[in-house]
K.L.:
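Please read through the structure below; I'll follow up with questions.
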Amino acid sequence: MSNRLSPILTVMVNAAQKAGRALRRDFGEVENLQVLKKGPADFVTKADTKAEKIIVEELQKVRPAYGFVLEEGGVVEGSDISNRWIIDPLDGTTNFLHGIPHFAVSVALERDKRIEAAVVYNPITDDLFYSERGQGAFFRDSRLRVSGRSVIAESIFATGVPFLGIEGHDEFIEELRVVMAKSAGIRRFGAASLDLAFVAAGRYEGYWERNISSWDMAAGLLLVKEAGGIVTDFKGRDRMLETGSVIATNASLDQDFRKLLKKAAKIT
Ligand code: LIP
C-alpha cells in the first residue's frame, strides 16, 4: 500500500480489499457454477451482499456516525448529516455472474454533497485506484493523468450498452453511430467504476453512459476530476449523481466529444 494514503483512504482501501478478497474467493466458485442450467444467480446475490456487509462493518468501526448509500442496502441515515459513504460492493455484477474477470469494489466518501475520497479496486487484477479531493488520483503508487490526445479520430471511448429493462435503446444506437464513425474505437467492458478509472489513467480518452446509479460512478467521478479530466452529465452540469448520466473525457476533447453526442441527440 502506498505511503501517500491518508488515514481515511487507508480505512477505505482496507475495507475494499477485504471485500475484494471475499469476492475473489466467490468468483472462483462462480466459474464452477456456470455449468448449472440456472447459473449462479443466487450465489452471486449472496456474494454481493456479503461484500457489502464487510465494507459497512469496516467503515462503521472507524466512522460510526456516517450514513450510507448502498447498492444492496439502500440509504442508511447517519447521525452525522454531512458525511456519507456511497458504495457499490460489486460493480460489474453481470460480468461476475458470467465468470468474466472484470468487476470492482467502489467506495466513495461524500461530504456536504461533494465527493471527498474515492477507491476503486479490482480484486482479480489487484488494480487499486484511489483519490482524495485536491490531492490527485493514483494507481497503486503512480499519479494518474488523463490522456493527452486531442483528436477524436485518434481516441477511443468506452460506454455502457443498455439492455433488457433499461431504457434509451434508440438513443444509444444513434450515439454509437456517430461515435463509431468519428473515433478510433469504442469499448464496452461492463463496469462504470473501472471505465471512469481507465479514463483517469489515460487508457481511453473518454466514457459516456446514461441510466447508471450513484454507487456505480461516485468514486470514479473523483478519480477523473483529480486526474485532470472533465466530467459532467449530458447537459454539461455537475449533476451526474442525480441524473445518472456521465460524459468523462479530457479538456482538449470535451467540446468536440460533447458536440458529437449532441449530433446523435438531434437524429433521434
Ligand atoms: C453496472 C455498471 C455498468 C452498466 C451496467 C451496470 P452494476 O453496474 O457499472 O456501467 O453498463 O449496466 O449498471 O449493476 O454491475 O453494479
Side-chain angles (χ1 to χ4, degrees), residues 16 19-20 22-24 26-27 30 39-56 68-75 85-108 115 118-125 127 129 156-169 171-173 175-176 179 186-200 203-204 206-224 231 233-234 240-249 261:
L23 287 173
R24 196 159 55 220
D26 287 339
F27 185 68
V30 163
D42 292 346
F43 179 82
V44 170
T45 307
K46 283 194 193 118
D48 205 341
T49 313
K50 188 164 71 187
E52 186 169 285
K53 193 163 168 270
I54 292 171
I55 302 168
V56 169
F68 290 90
V69 178
L70 303 164
E71 178 172 25
E72 304 305 317
V75 175
W85 305 104
I86 305 179
I87 297 168
D88 191 344
L90 174 52
D91 181 39
T93 316
T94 305
N95 282 346
F96 189 95
L97 178 67
H98 288 260
I100 299 167
H102 186 83
F103 52 87
V105 179
S106 173
V107 181
I115 307 300
V119 170
V120 173
Y121 177 60
N122 177 339
I124 300 300
T125 55
D127 282 354
F129 301 88
I156 61 169
F157 296 90
T159 187
V161 184
F163 47 92
L164 179 70
I166 301 285
E167 57 188 36
H169 291 207
E171 212 170 17
F172 177 74
I173 293 286
E175 287 165 3
L176 206 55
V179 179
I186 297 177
R187 301 290 181 269
R188 196 302 189 233
F189 286 132
S193 60
L194 287 171
D195 284 331
L196 288 162
F198 283 17
V199 172
R203 293 179 183 173
Y204 28 71
Y207 160 70
W208 86 99
E209 187 163 0
R210 296 171 192 272
N211 297 311
I212 57 171
S213 303
S214 61
W215 47 80
D216 296 323
M217 62 166 114
L221 298 176
L222 184 67
L223 293 174
V224 175
V231 54
D233 71 2
F234 271 63
M240 298 73 77
L241 295 178
E242 297 95 308
T243 59
S245 73
V246 192
I247 301 178
T249 182
L261 291 174

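Order of appearance sets the numbers: ligands from 1, and atoms from 1 within every ligand. As the structure is a computational prediction, the values presented were derived from the model and not from experiment.
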K.L.:
Hey, can you tell me if Y204 and F198 have their rings parallel, tilted or perpendicular (30° and 60° cut-offs)?
P.N.:
tilted
K.L.:
With side-chain hydrogen bond (donor to acceptor under 3.5 Å, both in side chains) as the rule and sequence neighbours excluded, what pairs involving residues 88-98 come up?
P.N.:
D91-S193
K.L.:
Check G160 against Y207 and note the closest heavy-atom contact, atom names and distance.
P.N.:
N-CE1, 4.5 Å
K.L.:
What do you reckon, is CD of E242 surrounded by more than 12 foreign heavy atoms closer than 6.0 Å?
P.N.:
yes
K.L.:
I'd like the atom pairs linking ligand 1 to the protein - N or O on both sides, separation under 3.5 Å - with distances to 0.1 Å.
P.N.:
unit_1   : atom_1 : unit_2 : atom_2 : d
ligand 1 : 8 (O)  : D91    : OD1    : 3.0
ligand 1 : 8 (O)  : D216   : OD1    : 3.1
ligand 1 : 9 (O)  : D91    : OD1    : 2.5
ligand 1 : 9 (O)  : D91    : OD2    : 3.4
ligand 1 : 9 (O)  : A192   : N      : 2.7
ligand 1 : 10 (O) : A192   : N      : 3.2
ligand 1 : 10 (O) : E209   : OE1    : 2.8
ligand 1 : 10 (O) : E209   : OE2    : 3.4
ligand 1 : 11 (O) : R188   : NH1    : 3.0
ligand 1 : 11 (O) : R188   : NH2    : 2.9
ligand 1 : 11 (O) : E209   : OE2    : 2.5
ligand 1 : 15 (O) : G92    : N      : 2.7
ligand 1 : 15 (O) : T93    : N      : 2.7
ligand 1 : 15 (O) : T93    : OG1    : 3.1
ligand 1 : 16 (O) : D88    : OD2    : 2.8
ligand 1 : 16 (O) : D91    : OD1    : 3.3
ligand 1 : 16 (O) : D216   : OD1    : 3.1

K.L.:
Could you tell me whether the side chain of E72 and the main chain of E52 form a donor-acceptor pair under 3.5 Å?
P.N.:
no
K.L.:
Over 60° means perpendicular and under 30° means parallel, so classify the ring planes of F172 and W208, tilted if in between.
P.N.:
parallel
